[in-house]
Amino acid sequence: MVAPGRIIVCLGIALVGLLSCGAAAENGADSTQSQLPTPANEIGFGGRFEFRLQLDEQSNPFPWNASTHAATDLSRFMVDFRALTKRYGSLYLKGAAFWGLVGSDDTRKRFRFEQGDYLWAHDLTHFGYSVRIFANERRFFVSDLIAPLIADDLAGETGANGGVRIDAATNNGWDATALYSLLADDVDTAPAVSYLRAAFSRRLGTISASYLIETPGSRGVDNHAIVKAELITGYKNAFVVLAYQQSGYRESGWFFPSGKWNWGEYDGTNFSAVLPAGGAAFGEARLTSLRWNGVGSFRLVWRYEAVREEFVNHLGLPGTSRVGHTGGAYFVAEKASLNARLRYIKGTRSVLETEDNDAVEASAWAALKNNMECFLRGGLGRIDDGFIYDTKKNYIHAAVRYRVTRFLAGAHVMWKDLETVYSERRFAFDGKLAINPNWGFHWRFIMRKDFQVGQASIFRIEFRPNQRIFAYLGYGREYYGDNPFVLEDRDIGLTRSLAGRWVVMLRGDF
């Protein structure tokens, strides 16, 4: 049997050939133009050198965390090539040298191809189309508005893929996408994904249908397919998005996953009982720009999701069987630097046991005339998982920041899991100082107190003499507290288990 992905590739090549012939015939009337080559609009080389030395604080240092030829050394040398033409498309190639393992125990510096992309696009009188051939693409951009079949971060996270993509659009509102990609380096054994989407748009909305099939390669037996329908509509300040997905497995070939709808199970409250076991429904409604004269504007958002126990989507929204509602109200003041948010979350999640979740979150941010800004955030929640004691998920987070000409500093305090055995307090002090236009200093100190005391520090002094050179010396693990709301970072719970790290980095662009 011919692999479905190869069918898409062959169809894509045939389509490009037919359309190219049509384009050549269209340009044939102008013999002078057809004989003269079109010069490149831009051909250029670029690159980046990045030296990065990191030293972990270990009680017993080893070569792999302290030497410049270690496998963990992130020093890189990158070169890219760009060629842009109107007639022949655009080409982008990137290669990089880095330290890596060669075999099981040998670490060497090597240069390898890292990313490639060729795009050819053409606009005709009534429609346009493009063909993209890619390798190690970081983003797929499949244009799903809600509940994507392919999420960019999941599809491109391995950095090892290759394939072809075809897009076409007409003047009367139709557009289509076809995508085929291997998801690993080995062509013979790699899993592959094929994606098809067609959409029709008019003034009041868009309706689309998409299809995804995953072939497991050497990693499994059954093919996995998902079909999706999506409706987007809006009128004045009101917008609605509805989506339904159905997944299933079969040993081989393309197939249409199906299931039985149980309309007799609907009791007027839980719509998820109607869905097939492999189905998932999503909905979102928005009211925007609701103005209150002299006060401000409001935005209201409501979301619903119902995912049944047999629904699976490896490349889209992850998660387990669940049903939930999320309602939010967002406010921006008209005459003051003030905004606020209120959210209510209610849902049920089923894995090995059933969890019921109820939570309310509120926050407010304000900027004052004395160069200060502050925010107050809080949440009150409960998780009922069938045990004797319910789990409370509560927090209060307050912060204040002060800014002068070259100096910004902030203080944060948070009480987490109040009135539970997991209760803790967190404190943070962070800021930055612009010493002069070329030098800057950043710092962040975090401390937490529960049954033990945990703390983490990070500082970094930066040097940027121009736009092409950047260097810094730093201490600490920079991902602790890198959440926009510092003390709500999930990594903070690990501060007792990992030691600090010294980092020296020099980067140059050319």
*Asks:* Which value, rounded to the nearest 0.5 Å, describes the distance between E309 atom CD and S272 atom OG?
*Replies:*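 It comes to 9.0 Å.
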
*Asks:* For residues F77 and F51, establish whether the separation of their ring centroids is below 6.0 Å.
*Replies:*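 No, the ring centres sit 6.0 Å or more apart.
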
*Asks:* At what distance, to the nearest 0.5 angstrom, does NZ of K228 lie from OG of S247?
*Replies:*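 Going from the NZ atom of K228 to the OG atom of S247 covers 13.5 Å.
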
*Asks:* I'd like to know if the side chain of R138 and the backbone of N136 have a donor-acceptor N/O pair within less than 3.5 Å.
*Replies:*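 Yes; judged by distance alone, with no hydrogens or angles, the pair exists.
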
*Asks:* Nearest 0.5 Å please: distance from the CZ atom of R343 over to the CD atom of E361.
*Replies:*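 CD of E361 is found 4.5 Å from CZ of R343.
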
*Asks:* Go through the steps for N161 and L182 under the test side chain to side chain contact (heavy atoms under 4.5 Å, CB included), then give the verdict.
*Replies:* CA-CA 5 Å; N161 56 64; L182 295 172; 5.9 Å; no

*Asks:* With rounding to the nearest 0.5 Å, note down the distance linking CG in L154 to CG in N313.
*Replies:*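 Result: 8.5 Å between the selected atoms.
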
*Asks:* Please check if the side chain of R202 supplies one atom and the backbone of I207 the other of a donor-acceptor pair under 3.5 Å.
*Replies:*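 The answer is no, because no donor-acceptor pair under 3.5 Å joins these two groups.
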
*Asks:* For L149 and Y195: C-alpha separation, side-chain torsions, deciding distance, then whether side chain to side chain contact (heavy atoms under 4.5 Å, CB included) applies.
*Replies:* CA-CA 9 Å; L149 292 184; Y195 174 84; 4.1 Å; yes

*Asks:* Between atom CD of E310 and atom CD of Q246, what is the distance when rounded to the nearest 0.5 Å?
*Replies:*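 Reported value, rounded in 0.5 Å steps: 9.5 Å.
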
*Asks:* Quick check: does any side chain N or O of H224 sit under 3.5 Å from a backbone N or O of V312, one acting as donor and the other as acceptor?
*Replies:*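 Yes, H224 side chain to V312 backbone: donor-acceptor pair under 3.5 Å.
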
*Asks:* Around atom CZ of F510, are there more than 12 heavy atoms from other residues, nucleotides or ligands closer than 6.0 Å?
*Replies:*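 More than 12 within 6.0 Å, yes.
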
*Asks:* Contact between R308 and P276 at the side-chain level, heavy atoms closer than 4.5 Å - yes or no?
*Replies:*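 Answer no - side chains too far apart.
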
*Asks:* Return the minimal non-hydrogen interatomic distance between I213 and G253, and the atom names on each side.
*Replies:*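 Heavy atoms of I213 and G253 come nearest at CD1-O, 3.6 Å.
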
*Asks:* Grab the two heavy atoms, one from L196 and one from A178, that are nearest each other, plus how far apart they are.
*Replies:*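 That would be CD2-CB, 3.7 Å.
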
*Asks:* What's the shortest heavy-atom distance between S201 and T206, and which atoms?
*Replies:*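 Nearest heavy atoms, S201 then T206: OG-OG1, 2.9 Å.
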
*Asks:* Does R460 make a cation-pi contact with Y472, if we ask for NZ or CZ under 6.0 Å from the ring centre and within 45° of the axis?
*Replies:*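 Yes, R460 and Y472 form such a contact.
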
*Asks:* Kindly state whether the ring of Y244 and the ring of W261 have centres lying under 6.0 angstrom apart.
*Replies:*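 Yes; W261 has its ring centre under 6.0 Å from that of Y244.
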
*Asks:* Does any N or O in the side chain of S218 come within less than 3.5 Å of the main-chain N or O of T189, such that one atom is a donor and the other an acceptor?
*Replies:*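 Checking the backbone N and O of T189 against the side chain of S218, a donor-acceptor pair under 3.5 Å is found.
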
*Asks:* Would you name the heavy atoms of P216 and N223 that are closest together and state the gap between them?
*Replies:*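 Taking P216 first and N223 second, the nearest heavy atoms are CD-OD1, 3.3 Å.
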
*Asks:* Can you check whether W120 and Y129 have ring centres sitting under 6.0 Å from each other?
*Replies:*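 Here the rings of Y129 and W120 have centres that are less than 6.0 Å from each other.
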
*Asks:* Would you say the side-chain atoms of N262 pair up with the backbone N or O of G264, donor to acceptor, closer than 3.5 Å?
*Replies:*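 Checked: no pair found.
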
*Asks:* Do you see a donor-acceptor pair shorter than 3.5 Å between the side chains of D358 and Y344?
*Replies:*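 Y344 and D358 do have a side-chain donor-acceptor pair below 3.5 Å.
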
*Asks:* Dump the intermediate steps for ring-ring contact (aromatic ring centres under 6.0 Å, His included) on F140 and F134, then the final yes or no.
*Replies:* CA-CA 10 Å; F140 281 67; F134 59 86; 5.8 Å; yes

*Asks:* Are side-chain heavy atoms of S210 and L212 found at a separation under 4.5 Å?
*Replies:*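 No, their side chains stay 4.5 Å or more apart.
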
*Asks:* Mind checking whether D489 and Y479 have side chains closer than 4.5 Å, heavy atoms only?
*Replies:*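 SC-SC contact between D489 and Y479 ruled out.
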
*Asks:* Checking D144 side chain against A147 main chain: does a donor-acceptor pair fall under 3.5 Å?
*Replies:*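 A pair under 3.5 Å: no.
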
*Asks:* For R468, look at atom CZ and say whether over 12 heavy atoms of other residues, nucleotides or ligands are found less than 6.0 Å away.
*Replies:*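 Not buried by this count: 12 neighbours or fewer within 6.0 Å.
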
*Asks:* Under a 4.5 Å cut-off applied to non-hydrogen side-chain atoms, are Y92 and D80 in contact?
*Replies:*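 Of all side-chain heavy-atom pairs linking D80 with Y92, at least one is under 4.5 Å.
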
*Asks:* Strictly distance-based, threshold 3.5 Å: is any side-chain N or O of N171 a donor or acceptor partner for the main-chain N or O of T125?
*Replies:*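 Confirmed, N171 side chain pairs with T125 backbone.
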
*Asks:* Between E462 and H442, is a side chain to side chain contact (heavy atoms under 4.5 Å, CB included) present by the stated rule, with each step listed?
*Replies:* CA-CA 8 Å; E462 299 177 349; H442 299 254; 3.5 Å; yes

*Asks:* Answer yes or no: is there a side-chain heavy-atom contact under 4.5 Å between R76 and F49?
*Replies:*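 Answer no - side chains too far apart.
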
*Asks:* From E214 CD over to I226 CD1, what is the distance, rounded to the nearest 0.5 angstrom?
*Replies:*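 That separation rounds to 6.0 Å.
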
*Asks:* Is the backbone N or O of L204 less than 3.5 Å from a side-chain atom of T233, with the two atoms forming a donor-acceptor pair by type?
*Replies:*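 Yes, the answer is positive, given that a donor and an acceptor are paired below the 3.5 Å cut-off.
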
*Asks:* Check each of R444, R426, M414 against V486 using the side chain to side chain contact (heavy atoms under 4.5 Å, CB included) test, and report the only one that passes.
*Replies:*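 Exactly one option meets the side chain to side chain contact (heavy atoms under 4.5 Å, CB included) with V486, and it is R444.
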
*Asks:* Would you please test F282 and V307 for side chain to side chain contact (heavy atoms under 4.5 Å, CB included) and show each step?
*Replies:* CA-CA 8 Å; F282 304 87; V307 180; 4.0 Å; yes

*Asks:* Using distance alone, with no hydrogens and no angle criterion, decide if D167 and T177 have a side-chain donor and acceptor under 3.5 Å apart.
*Replies:*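 Checked: D167/T177 side chains pair up, N/O donor to acceptor below 3.5 Å.
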
*Asks:* Whether R349 and D356 form a salt bridge (side-chain N of Lys/Arg under 4.0 Å from carboxylate O of Asp/Glu) is what I want to check.
*Replies:*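 Judged by the 4.0 Å cut-off on N to carboxylate O distance, D356 and R349 do not form a salt bridge.
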
*Asks:* Cut-off 3.5 Å, side chains only: do T420 and D417 have a donor facing an acceptor?
*Replies:*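 Absent: no donor and acceptor within the cut-off.
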
*Asks:* Using only atom types and a distance under 3.5 Å, with no angle test, would you say the side chain of R507 pairs donor to acceptor with the backbone of E50?
*Replies:*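 Judged by distance alone, no pair lies under 3.5 Å.
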
*Asks:* Kindly indicate whether the side chain of V142, heavy atoms from C-beta on, has any atom under 4.5 Å from the side chain of R165.
*Replies:*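 The answer is yes; the side chains approach within 4.5 Å.
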
*Asks:* Would you say the side chain of Q245 lies within less than 4.5 Å of the side chain of V227, judging by non-hydrogen atoms?
*Replies:*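 SC-SC contact between V227 and Q245 ruled out.
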
*Asks:* Just checking, any donor-acceptor pair under 3.5 angstrom between side chains of E478 and Y480?
*Replies:*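 On atom types as modelled, these side chains do not qualify, holding no pair under 3.5 Å.
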
*Asks:* Short question: side chain of D117, backbone of S90 - any donor-acceptor pair under 3.5 Å?
*Replies:*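 Not a single qualifying donor-acceptor pair exists.
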
*Asks:* Do E230 and L145 come close enough that some side-chain heavy atom pair is under 4.5 Å?
*Replies:*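 Yes, their side chains come closer than 4.5 Å.
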
*Asks:* Identify the heavy atoms of A225 and F255 that sit nearest to each other, and give their distance.
*Replies:*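 In terms of heavy atoms, the two residues are closest at CB-CZ, 3.6 Å.
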
*Asks:* Looking only at heavy atoms, which two atoms of G283 and L242 are closest? And how far apart?
*Replies:*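 In terms of heavy atoms, the two residues are closest at CA-CD2, 4.1 Å.
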
